[in-house]
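In what follows, a structure is listed as structure tokens, so that the remarks can point back to it.
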Amino acid sequence: MDRTRSFTDAVAVGDGRILALGRADAEELRRDSTEIVDLRGRLLLPGLQDAHVHPLYGGLQLVRCDLTDSGGRTECLRRISAYADANPGAGWILGGGWEMALFPGGCPDRESLDRVTGGRPALLINEDQHGGWANSAALRAAGIERDTADPPGGRIERERDGTPQGTLHESAVELVSRHVPEGGRDEYLRALLAGQRRLHAHGVTAWHDAILGRYLNYPDPLEHYRALHGEGLLSGRVTGSLWWDRRRGTEQIPELVGRAEAARGEGVRTGSVKIMLDGVCENFTAAMLHPYLHGHGSGTSYVDSSELNEAVRALDDVGFAVHFHAVGDRAVRQALDAVATARGTNGDSGNRHQIAHLQVVHPDDLARFAELGVAANIQAEWAHNDAAMTELTAPYLGPLRYARQYPFGSLLAAGTLLATGSDWPVSTIDPMRAIHVAVNRTDVADSEPPLLAGEAITLSDALAAATIGSARVHRLERHTGSITVGKRADLTVLDANPFELPVREIGEVGAVMTVVDGRVVHDTRG
């Protein structure tokens, strides 16, 4: 992953660093105690890096009621019933991972959840973390009734007479989540370790936790990372974004600076702040320059543009990079405008601002990323025609905006730095699945046509985004991201060489060995 995308035939590692490249130089360092790893035709890469992920949330989903990859509504309810039966002492039924496309209009109902939860309150967060499914007991616990107003930035799905239907969108989830009892420290540490194991199992050596702060019914991951680090159990390189409270303004910046300073040297680098600008297209909360079709409004901007400009200017001035959540074209433009304002006032601070998700980008904004030095943090696995796209999104975007989705090729051609993140548990944690979609614009088993095949990128460019590109947005490129003499020995061994496979098979490649600082953290070579 150097500038010429070169290959070599051997790598020597010692004391946690890369010591030599090429068989001849590596052999000179060989000793009787040297361990030889024969790749047998498999591909060695710089350690894969996930630039946008939520390991604690994903880990909690694994240890609670996990609805990931449910085949349908019936399967979701069966899993919930089984979990409730297996956990009779749980006061609340918690978990998530359900897909909106499994339910009519993307909205599961409270009555069906009531039938499988035995009277206990239940709150199940959906796959994209932008909505929740609550049963009648949970709605009662929160005092949500027919006359309860929608909160700012959220919506209570309702029946015709105004009765809460059971689905809660965006900040409406917090009406219930604030009543969920706090989990135990042991559960959270067990969940974070489960998330770390899952990342390593897919070849990931470094990752960026995209929310360090309290969100929905999740705890702040930062204190639990620090606990793992203190116990010597944190085995990956972790950076993270401190959570921006959009109900407050720049008065919170001294607190953010204090949190970043307190975390320094304790296993997590916190040089950026996460600002969520909008929601998602599937529930019409992604912020659009023009209204959705069929009368669904223009989406939700969570931060006013003038407030955002001042926040980004002030954060940039004290040395924070900003990690924006922006799905709709209006949110993307808001983010770029805010960075332009900060650059105009502060000059080029060198802070590595980035915009994550980027589902719809107006063509006028494509060149601005490189001009402003803003990285595109892409969730490539989303860029294909699945039910969420064909049933819940495309009919409401219309053909013009449909053709502007996930413009990876156009961004790259404009000179934009690409980084890749899974956003797990929103989508699969598997980086090779995402790389497959970036190259093919179809999922591994897709029968649907490619989503805008002209926006595909090459395998080499996709792997670069997942290694050196992500290392750059993490500010780790001096230490990791390429196989370079002197860098840390963060390495991933794939079970096949995807350059030698048909492109339709890229997503079937997995990781057999993961190495951080020269230490093996995952190994299935047998």
Side-chain angles (χ1 to χ4, degrees), residues 1-11 21-23 36-51 69 198-206 378-386 406 408-409 412-413 418-422 424 427-471 481-483 490-515 520 522-526:
M1 290 303 156
D2 54 13
R3 291 188 183 278
T4 61
R5 302 283 195 267
S6 60
F7 285 78
T8 189
D9 59 356
V11 177
L21 302 182
R23 187 175 299 274
I36 307 299
V37 178
D38 187 345
L39 294 175
R40 299 178 184 174
R42 296 174 295 204
L43 184 67
L44 175 71
L45 289 170
L48 296 169
Q49 302 195 19
D50 192 321
D69 295 328
R198 185 65 65 94
L199 284 159
H200 289 332
H202 287 284
V204 176
T205 59
I378 64 172
Q379 283 58 63
E381 200 270 336
W382 302 352
H384 65 101
N385 278 309
D386 59 1
Y406 305 113
F408 308 153
L412 194 62
L418 297 189
T420 61
S422 66
W424 184 68
S427 47
T428 178
I429 200 171
D430 185 350
M432 294 307 297
R433 279 272 301 275
I435 287 167
H436 176 103
V437 178
V439 174
N440 291 281
R441 303 289 288 201
T442 61
D443 200 3
V444 175
D446 256 354
S447 58
E448 297 286 344
L451 174 66
L452 308 172
E455 291 294 350
I457 61 177
T458 68
L459 174 59
S460 181
D461 285 334
L463 287 170
T467 52
I468 191 63
S470 293
S482 64
I483 300 178
D490 291 6
L491 305 166
T492 300
V493 179
L494 302 180
D495 60 15
N497 184 349
F499 287 98
E500 297 178 352
L501 297 175
V503 293
R504 294 287 297 174
E505 297 178 15
I506 292 170
E508 298 173 8
V509 175
V512 293
M513 186 178 181
T514 309
V515 179
V520 177
H522 168 74
D523 193 349
T524 59
R525 292 173 297 157

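The backbone N or O of His200 sits less than 3.5 Å from a side-chain atom of Thr514, completing a donor-acceptor pair. With Asp430 contributing its side chain and Met432 its backbone, the two residues share a donor-acceptor pair below 3.5 Å. Within the 3.5 Å criterion, the main-chain N or O of Leu45 finds no donor-acceptor partner in the side chain of Thr492. Judged purely by atom type and a 3.5 angstrom limit, Asn440 uses its side chain to pair as donor or acceptor with the backbone of Val503. Within the 3.5 Å criterion, the main-chain N or O of Arg525 finds a donor-acceptor partner in the side chain of Asp523. Under a 3.5 Å cut-off, the side chain of Asn497 and the backbone N or O of Leu43 do not form any donor-acceptor pair. Asp50 contributes a side-chain N or O that, together with a main-chain N or O of Ser422, makes up a donor-acceptor pair within less than 3.5 Å.
In this structure the side chain of Leu494 never reaches within 4.5 angstrom of the side chain of Val512, judged on heavy atoms. Side-chain atoms of Ile483 and Leu491, non-hydrogen and from C-beta on, do get closer than 4.5 Å to each other. Side-chain atoms of Thr420 and Ser470, non-hydrogen and from C-beta on, do get closer than 4.5 Å to each other. The side-chain heavy atoms of Asp461 and Leu418, taken from C-beta on, include no pair separated by under 4.5 Å. Between Val437 and Asp443, some side-chain heavy-atom pair lies under the 4.5 Å cut-off. Two residues are said to be in side-chain contact when any heavy atoms from C-beta on lie closer than 4.5 Å; Phe499 and Leu459 meet this criterion. Residues Met1 and Leu463 meet the side-chain proximity criterion, which asks for heavy atoms closer than 4.5 Å.
Side-chain polar atoms of Thr442 and Arg504 form a donor-acceptor pair below 3.5 angstrom.
In terms of heavy-atom proximity, His202 sits nearest to Ile429 at CD2-CG2, 3.2 Å. Across Ala438 and Ala380, no two heavy atoms sit closer than the pair CB-CB, 3.9 Å. Heavy atoms only, all atoms of each residue included: Val515 and Thr205 are closest at O-CG2, 3.5 Å. The minimum heavy-atom distance between Leu48 and Pro431, with the atom names listed, is CD1-CG, 3.7 Å.
With rounding to the nearest 0.5 Å, the separation of CZ in Arg198 from OG1 in Thr428 is 8.5 Å. Arg433 CZ to His384 NE2: the interatomic distance, rounded to the nearest 0.5 Å, is 7.0 Å. The CG atom of Leu44 sits 11.5 Å away from atom CG of Asp9, with the distance rounded to the nearest 0.5 Å.
Within a 6.0 Å radius of CG in Asp69, no more than 12 heavy atoms belonging to other residues, nucleotides or ligands are found.
Figure legend: cation-pi geometry between Arg441 and Phe408, with NZ or CZ positioned under 6.0 Å from the six-membered ring centre and within 45° of its axis.
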Starting from the C-alpha separation in whole Å, work towards a yes-or-no answer on side-chain contact (heavy atoms from CB on, under 4.5 Å) for Glu448 and Asp386. CA-CA 7 Å; Glu448 297 286 344; Asp386 59 1; over 6 Å; no

Quick one, Arg5 with Ser460, criterion side-chain hydrogen bond (donor to acceptor under 3.5 Å, both in side chains). Give me CA distance, side-chain angles, the key distance, then yes/no. CA-CA 8 Å; Arg5 302 283 195 267; Ser460 181; 3.3 Å; yes

Carefully, step by step, assess Thr458 and Val439 under the rule side-chain contact (heavy atoms from CB on, under 4.5 Å). CA-CA 6 Å; Thr458 68; Val439 174; over 6 Å; no

Under the side-chain contact (heavy atoms from CB on, under 4.5 Å) criterion, do Asp495 and Val509 qualify, and how do the steps go? CA-CA 6 Å; Asp495 60 15; Val509 175; 3.5 Å; yes

